[in-house]
Amino acid sequence: MPNLASELRPVVNQRLTEVEASGIRAFDQKISKIPGIVKLTIGEPDLNTPEHIKAAAVTSIVQNDSHYSAQRGTLALRNAISGYLERSQELTYDPETEIVVTVGATEALTATTFALLNPGDKVIVPTPTFALYFPIISLTGAIPVMVDTSADQFVLTPERLTEVLEREGDAVKAVLLNYPSNPTGVEYDVETVKGLAQVIREHHLYAISDEIYAELTYDFDHYSIAKEIPERTILVNGLSKSHAMTGYRIGYVAAPAEVVANITKMHAFMVTAPSNPAQAAAAEALANGDADPVEAKESYRRRRDFIRDALMAMGIETVAPQGAFYIFARIPAAYGQDDVKFAEELAAKALVGGTPGSAFGAGGEGYIRFSYAASDESLKLAMTRMSEFVGTEIGVH
């Protein structure tokens, strides 16, 4: 086993050393060592990828589709993405020039930030939110500006955005939206989206819109900000959540041709091109799988209602999830704002894993996130254990 030469230890990307690893993954790994724990920590659908999608991947392999695809992704998949966005959101994107296929939405976001941002630029990020955004912005030398939305029902209002932009000045280049939201499950209504679009237009900004959960809304249909400001929007989505395809690693960016060209350049430097069998599966999902997320959504709706009712019965306040598959719950008052302590004790004593809310940025303190993209059996066991823990340890049940 080689030991690194001592004189090479200082040779490292300094920005990377200053960026912390994902708190979500770190906590998940920490509690994964506890025997018998029920983990509701990671946003991983427990559903199987639909059969017709798997068959498309198998066909690709059998037919020796084993060469590099176009760097933007196969034309078949880009056509399928274009058609899907037209059907689902009435958005028109040219598959030749305005769409690039990526290795998951994570790579889409990373390629986008590195294609757009320069040192000193600022990006407005409503929080609490998916913690990946902070390091990928910081690694470019740009500055993520967290905007705590907890006082506004976890929604970035147009009024608050205006206030922040006036304070932060001309260095702001983009607003990074995530809705339906991870971790809160909050969805933005049409009026709010229109108001945000107007502010973004007036301040000459990009809207980077992570809509990975767009297909999983419960109370009203998703409304993309790209419908209001397509000339400013970089739309990010993928197949991981909608079609239970996390391991296939297919995402995409849809945006004006000029920005897609630059994102494609960064994407090519990072990964060359996505996997062909995964792209074949994704093309099948988007061309012929509109019903798949509908079926999945009904399962998630039932689980949402179950876990929310169970938590309310324990006296635990929750944010009402309108989309995605997470519930954001206020920790018991006995723990104050120490969500890490609560999550650690819940894991150690009750064998239930949830993610501390502080891992999602400002406004997440004092909350815990549970993913209900888990089996009914796991959710029932977790809630039974948690109820006993809350009653025994805290005396509120």
Side-chain angles (χ1 to χ4, degrees), residues 13 15-16 19 21-22 68-75 77-78 80-82 84-85 91 93-125 129-144 173-178 182 205-214 224-226 230-241 245-276 278-279 282-283 286:
N13 184 311
R15 282 192 185 137
L16 186 60
V19 171
S22 167
Y68 291 126
S69 79
Q71 289 184 327
R72 291 176 185 259
T74 64
L75 184 57
L77 178 49
R78 284 181 280 137
I81 292 168
S82 178
Y84 174 75
L85 291 173
L91 296 170
Y93 289 99
D94 182 351
E96 293 281 1
T97 62
E98 297 176 337
I99 293 171
V100 56
V101 180
T102 59
V103 181
T106 296
E107 194 246 315
L109 290 160
T110 305
T112 295
T113 55
F114 275 84
L116 293 184
L117 301 175
N118 293 292
D121 289 346
K122 295 180 180 180
V123 179
I124 304 299
V125 184
T129 194
F130 184 40
L132 170 79
Y133 302 149
F134 313 134
I136 64 172
I137 293 169
S138 297
L139 286 170
T140 69
I143 303 164
K173 305 302 180 186
V175 179
L176 202 169
L177 299 172
N178 166 233
N182 174 10
L205 305 174
Y206 276 109
I208 304 172
S209 192
D210 180 357
E211 302 182 21
I212 191 69
Y213 297 100
S224 175
I225 197 168
E231 75 283 0
R232 298 182 178 279
T233 300
I234 300 170
L235 173 62
V236 174
N237 204 332
L239 283 295
S240 291
K241 316 299 184 179
M245 293 174 65
T246 52
Y248 287 71
R249 308 309 305 133
I250 294 293
Y252 58 86
V253 175
E258 295 88 343
V259 69
V260 165
N262 217 32
I263 292 170
T264 300
K265 184 189 297 185
M266 190 67 233
H267 154 78
F269 291 152
M270 294 170 65
V271 301
T272 303
S275 155
N276 285 354
Q279 290 188 82
L286 292 177

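Counting begins at 1 with the first residue of the sequence. The model shown is predicted, which means the values in this text are computed figures rather than measured ones.
- Within the 4.5 Å cutoff, the side chain of Val101 has heavy atoms near those of the Ile250 side chain.
- For Thr140, the side-chain contact (heavy atoms from CB on, under 4.5 Å) partners two or more places apart in sequence, or in a different chain, are Thr113, Phe114, Leu117, Ala142.
- Evaluation of the side-chain contact (heavy atoms from CB on, under 4.5 Å) rule for Arg249 yields Val103, Thr106, Ser240 as partners, not counting sequence neighbours.
- Residues Gly238 and Tyr252 approach most closely at N-CE2, 4.0 Å, considering heavy atoms.
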Run the side chain to side chain contact (heavy atoms under 4.5 Å, CB included) test on Asn182 and Thr129 for me, step by step, so that the C-alpha distance in whole Å, both residues' side-chain angles and the decisive distance to 0.1 Å come before the verdict.
CA-CA 6 Å; Asn182 174 10; Thr129 194; over 6 Å; no
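- Using a 4.5 Å cut-off on side-chain heavy atoms (C-beta onward), Asn237 and Ile81 make no contact.
- His267 and Glu107 are linked by a side-chain donor-acceptor pair at a separation below 3.5 angstrom, with hydrogens and angles left out of the test.
- Smallest separation of non-hydrogen atoms from Ala273 and Ala70: CB-O, 3.9 Å.
- In summary, of the residues considered (Asn178, Val175, Thr233, Leu176), a side chain to side chain contact (heavy atoms under 4.5 Å, CB included) with Ser209 occurs for Thr233 alone.
- Put simply, the side chain of Ile99 does not reach to within 4.5 Å of the side chain of Val260, judged on heavy atoms.
- Scanning for side-chain hydrogen bond (donor to acceptor under 3.5 Å, both in side chains) contacts around Tyr206 gives an empty result, with sequence neighbours left out.
- For Thr272, the side-chain hydrogen bond (donor to acceptor under 3.5 Å, both in side chains) test picks out no residue, with sequence neighbours left out.
- When the ring pair (Phe, Tyr, Trp, His ring centres under 6.0 Å) test is applied to Phe130, the partners found at least two apart in sequence or on another chain are Tyr133.
- Scanning both residues, Pro119 and Arg15, for their nearest heavy atoms gives CG-NH2, 3.8 Å.
- Annotation: side chain of Asp210 is not in contact with side chain of Leu177 (no heavy-atom distance under 4.5 Å).
- Side-chain contact between Lys173 and Leu116 is absent, with no heavy-atom pair separated by less than 4.5 Å.
- For the pair Leu235/Ile225, no side-chain contact is recorded, criterion being any heavy-atom separation below 4.5 Å from C-beta on.
- Residues passing the side-chain contact (heavy atoms from CB on, under 4.5 Å) test with Pro144 are Val125, Phe134, Ile137, Ser138, sequence neighbours excluded.
- For the salt bridge (Lys or Arg N to Asp or Glu O under 4.0 Å) condition, the pairs that include at least one residue of residues 111-123, sequence neighbours left out, are Lys122-Glu168.
- Within the 4.5 Å cutoff, no side-chain heavy atoms of Arg78 are placed close to those of Glu98.
- Annotation: side-chain contact (heavy atoms from CB on, under 4.5 Å) contacts of Glu258 (sequence neighbours excluded): Pro256.
- With sequence neighbours left out, Tyr93 forms a side-chain hydrogen bond (donor to acceptor under 3.5 Å, both in side chains) with no residue at all.
- Between Leu77 and Ala283, the shortest heavy-atom contact is CD1-N, 3.5 Å.
- Nearest heavy-atom pair across Pro274 and Gln279 is O-NE2, 3.3 Å.
- Side-chain contact between Thr112 and Ile208: present, with at least one pair of heavy atoms (C-beta onward) separated by less than 4.5 Å.
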Do Leu205 and Arg232 pass the side chain to side chain contact (heavy atoms under 4.5 Å, CB included) test, and can you show the C-alpha distance, the side-chain angles, and the key distance before you say yes or no?
CA-CA 7 Å; Leu205 305 174; Arg232 298 182 178 279; 5.7 Å; no
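- The minimum heavy-atom distance linking Ala105 with Ile212 is given by the pair CB-CD1, 4.0 Å.
- Residues passing the side-chain hydrogen bond (donor to acceptor under 3.5 Å, both in side chains) test with Ser224 are Glu211, sequence neighbours excluded.
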